[in-house]
Amino acid sequence: MNVRRSAAALAAVTALTGAAAAPAVAASPSPSASPTLPSGLYGSADPTYDGVWRQSLALLAQDTVGVKPAARAVDWLTGQQCSNGAWAPFRVDPALACDAKTMVDTNSTAAAVQALAALGGHDDATDRAVTWLKSAQNKDGGWGYTATGAGDTNSTSVVIGALTAVGEKPADVRKGGHSPYDALQQLALPCDGAGAGAFAFQPDREGKLVANADATAAGVLGALGKGMVVEPGERAEVGECETGPKGLAANGAAHLSKALAKDGHLMSSLPGATDQPDYGNTADAVVALAAQGGAERAAEPLAWLEKNSAAWAKQSGPAAYAQLILAAHATGTDPRDFGGTDLVKQLNATGPAPQPAASKSTDGDADSKADSDSDGSGVSVWWMVGVGLAAGAGIGFLISGRNKRQQP
């Protein structure tokens with residue numbers, strides 16, 4: 001799922017009554033008001049709204065390409081977990097116990113589970129997290145951003161990825177007799193009319209489903225029962241109006257293909273802002289298309305990213321680099337030569353130096369060398385779409401906060 005939003009944009013989602021309106025979003029603190037950054041954290045931007053998300057993506061991307069993260073980077077992530085198993089986006093002082101005022105959320109928790117499960121050796125942390133996630137499941141089978149929030153496609157999908165990562169079968173995780181796939185079915189648009197085959201983030205105030213590209217990319221992976229790291233799927237012909245979870249994925253992929261056909265990339269549409277290319281959502285779409293129909297299906301948007309995403313990733317930081325690495329992996333592309341850019345080197349430079357490839361050290365002493373926080377941090381997934389507004393270039397699903405984007 002996605003990087004998803006620029007660090008200046010995310011805020012906590014509260015429970016919604018009836019409609020899917022997002023609450024007011026708090027602006028990020030000014031640089032002078034930013035908390036002191038711990039040495040184990042990737043990126044130099046204020047982590048208030050995306051610290052756990054970007055750390056999880058960074059560790060997941062490193063593991064995917066065979067890089068062993070610094071021990072203190074992993075320790076930073078595990079140290080952010082609350083005793084009940086959940087994660088908040090960022091806790092300034094992890095030594096203080098979480099309480100009712102600690103804004104834990106499903107997206108940060110599910111992303112951390114996926115990262116720690118991939119790294120291995122963190123069963124206690126992931127078991128407690130999954131127990132909390134199951135307690136936060138809604139009666140329709142899905143999840144909202146908060147434990148009491150209305151369900152949405154992005155949150156439901158990133159939790160499905162977490163369940164899969166620890167060996168659970170999402171179809172068997174039920175509340176009120178409903179599975180996560182039942183929730184996704186309710187958020188999928190019909191196969192005809194405007195937005196055919198897409199997913200909505202949530203129903204709007206009138207209960208109408210409106211196509212959302214970010215949610216659709218997330219929903220495709222969720223319907224396939226996959227997390228953020230995917231291998232290229234088999235080439236698949238998409239039929240008309242498929243049914244069942246795989247059908248939902250096929251329908252969503254068909255919608256994304258149509259949305260990408262004009263320019264080879266998705267656009268960010270925000271109130272009061274000029275439409276611009278959405279690099280993060282395009283990367284999310286690449287992962288979704290490759291997972292559902294093979295690398296060839298994602299070739300055009302992947303080529304666009306290789307040609308155009310370098311400046312965006314440099315500005316946005318570790319989550320953006322991670323998202324591009326995951327897009328490259330999903331298509332069998334070399335992330336160390338992505339349009340002439342070594343994404344792995346760039347990601348590694350935003351945090352503590354990884355462990356040497358030949359290192360046998362288990363105490364982490366060799367890992368606590370140089371920090372390089374020259375880059376800022378993106379917020380991605382696919383997560384928190386209805387939560388944040390993008391500041392500057394859009395960041396996709398693999399997120400972080402998620403704004404509601406209207407796509408054809």
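- Rounded to the nearest 0.5 Å, atoms CD (Gln323) and CG (Leu60) are 12.0 Å apart.
- Remark: aromatic rings of Tyr279 and Trp304 are close, center separation under 6.0 Å.
- Using a 4.5 Å heavy-atom threshold, the side chains of Trp87 and Cys82 count as separate.
- Defined by atom type and a distance below 3.5 Å, a donor-acceptor pair is present between the side-chain atoms of Ser155 and Asn107.
- Residues Arg54 and Asp50 are paired through a salt bridge, judged by an N-O separation under 4.0 Å between the basic side chain and the carboxylate.
- Between the side chains of Ser108 and Asp105, at least one donor N or O lies within less than 3.5 Å of an accepting N or O.
- Counting heavy atoms from C-beta on, the side chains of Trp76 and Val74 never come closer than 4.5 Å.
- Residues forming a side-chain hydrogen bond (donor to acceptor under 3.5 Å, both in side chains) with Asp99 (at least two apart in sequence, or on another chain): Thr102.
- Side-chain contact check for Lys68 versus Pro354: every heavy-atom pair is 4.5 Å or farther apart.
- Side chains of Thr164 and Glu168 form no contact here, defined as non-hydrogen atoms less than 4.5 Å apart.
- In this structure the side chain of Phe201 never reaches within 4.5 angstrom of the side chain of Leu209, judged on heavy atoms.
- Using modelled atom types, one finds no donor on one side chain facing an acceptor on the other under 3.5 Å when comparing Gln137 with His178.
- For the atom pair Tyr321 OH and Gln62 CD, the distance stands at 13.5 Å (nearest 0.5 Å).
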